[in-house]
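Before any comments, here is the structure.
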Number of protein chains: 2
Amino acid sequence: MPDEVTTDESLAPNPVIERPAPEAAKRAARQRPLHEAVVDRLRDMIIEGELRVGERLHEFNLAETLNVSRTPVREAVKLLATEGLVELLPGRGARVAALSAKTITDLLEVIGGIERHACELAAERMTARELAKLSRMHERMAGYHQAGNLHDYFKLNNEIHVAIVAAAKNATLATTHAALILKARRGRHAALASQARWAEAMAEHELLMKAFAERDGRKAGEIMLQHDLRTREVVQRILEASKP
Amino acid sequence: MPDEVTTDESLAPNPVIERPAPEAAKRAARQRPLHEAVVDRLRDMIIEGELRVGERLHEFNLAETLNVSRTPVREAVKLLATEGLVELLPGRGARVAALSAKTITDLLEVIGGIERHACELAAERMTARELAKLSRMHERMAGYHQAGNLHDYFKLNNEIHVAIVAAAKNATLATTHAALILKARRGRHAALASQARWAEAMAEHELLMKAFAERDGRKAGEIMLQHDLRTREVVQRILEASKP
DNA sequence: ATTTGATTTTTTGCATGCAAAATTGGCGGA
DNA sequence: TCCGCCAATTTTGCATGCAAAAAATCAAAT
């Protein structure tokens, strides 16, 4: 899913987790589980770099910062460990997991494989309606490209990748893909790579749509895989250049 | 990863989680985190069917049964939810997730895609040593097949699939694969399918090894994908037959 | 000055407490 | 008989308590 984009915008200066006052809870349709909110909050803090790589996750401090008790924090940390964002130190808490160049490129490689598979399946299973919608998204993206609107291009590009995976009509595939994309968000470098490959990537998407129109899954998959692997290579070069 | 086998053997009649007496803990090299033990215990209980599909996970009862407090049980349940084994009911606890035919076949489809990718990469990245080891495993498996030793055949077959993924030298790929395999363990149907396809599967493995010997990743991947998809089809037929 | 070891402090991991939400059961009405 | 409403009970979710393990601090000895 190259063409990664960082969907920040919300810089969240205040980490405290808002929750309806005890009495106001009645009005709120339903209260979101705290531990879930904490997971999201901590994930953002890690992805946005508020918590630095290797930094110990201090449950008491975090609980105080987020204005919750240690319990939901503990649950959240364990959940984030399954996502690979934090590393559990048995008996000594947890710390933000390192993200080596190898980890990132491995991630991008797997995402490429998944998206290839998604293309193959989607080409066969996509309804005419879905194909039409995808076409419209693609056209819109082409417009952003011509207009030099990088931000909206990135956003839509991500949506297209997700839409293709959804069109494969395989829930496990979609879940797996989503989880990997989430992790890949940590590599901001990917965004740079996309930028460098902007024109090229656009051309590849063009070919991809053509393959979908022909319902040629094999071809679509191949294009997607190459598309992803090229971005991966650029990312790899950037990473090697930054710290060799 | 078709040719699924259920690695029971340990029927665990007593669910209580053993732990060194408070004082004996000194002797034990290091105490395993309780929540981890609970995760494993509950996962087995679900996979082995001790907890039936749809059954509510009652944290107090489970805690009592496992001889721990609610806290590690709660953590474990949330962890199992990320594995897809249980379904969280916001505000109402959790229950054993349903495993529909679609879910199983989706799972097998994704595993097929992952293993194809693994074959492609492994063919390129595998060391001569690894290839030799894989060959020996394959020969041994052929022996079990000829001897009609289904149990050991299954076990070794699983190990071969895992070894191939490992040879792809991509940690994310391996982790993702392992997680999916774990979930697939719930479909005992797969074991039946393997049995039905025993001879055929063996022949496919033969071709696979030949492709690896030629370092033909494309071919190896294709063989693996077809291998997995055929098992998937048999599973699908079994499932449709059992409850149509 | 540096290192080692004992002591204090912090932090973790599990257990328990408590209020709010959800479920259950009973009762009255249709 | 069946449905719906209200009270009693259970269960969840979060907070807090507590003992053991880990880390930090300090002291003495090299």
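Side chains included, hydrogens not; waters and symmetry mates left out as well; all remaining heavy atoms used. Below, read A as the first sequence line, B as the second, and so on, with proteins coming before strands; counting in each chain starts at 1. Worth saying up front: this structure is predicted, and the values here are computed from it rather than measured.
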Spacing between [X] atom [atom1] and [N] atom [atom2], to the nearest angstrom:
X	N	atom1	atom2	answer
A:R70	C:dT11	CZ	P	10 Å
B:N67	C:dT16	CG	P	11 Å
A:R95	D:dA23	CZ	C1'	15 Å
B:R56	D:dT12	CZ	C1'	9 Å
B:L79	C:dG13	CG	P	13 Å
B:E36	C:dT12	CD	C1'	15 Å
B:F60	D:dT9	CZ	P	17 Å

In terms of side-chain heavy atoms, does B:S100 have a donor or acceptor partner in B:T103 at a distance below 3.5 Å? yes
Measure across B:E36 and B:R32 and return the closest heavy-atom pair with its distance rounded to 0.1 Å. OE2-NE, 3.2 Å
Taking all non-hydrogen atoms of both residues, which atom of A:L156 and which atom of A:M137 are closest, and how far apart?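 The answer is CD2-O, 3.4 Å.
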Counting only side-chain N and O atoms of [X], is one of them less than 4.0 Å from OP1 or OP2 of [N]?
X	N	answer
A:R92	D:dA23	yes
B:H35	C:dC14	yes
B:S69	C:dC14	no
A:R74	C:dG13	yes

Distance-only, no hydrogens or angles: does the B:D106 side chain make a donor-acceptor pair with backbone N or O of A:A171 under 3.5 Å?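 Present.
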Using the side-chain heavy atoms of B:E59, tell me which of these nucleotides is nearest: D:dG13, C:dC14, D:dC14. D:dG13
Look at all strands and tell whether A:L57 reaches a base, only sugar-phosphate, or nothing, counting heavy atoms closer than 4.0 Å. sugar-phosphate
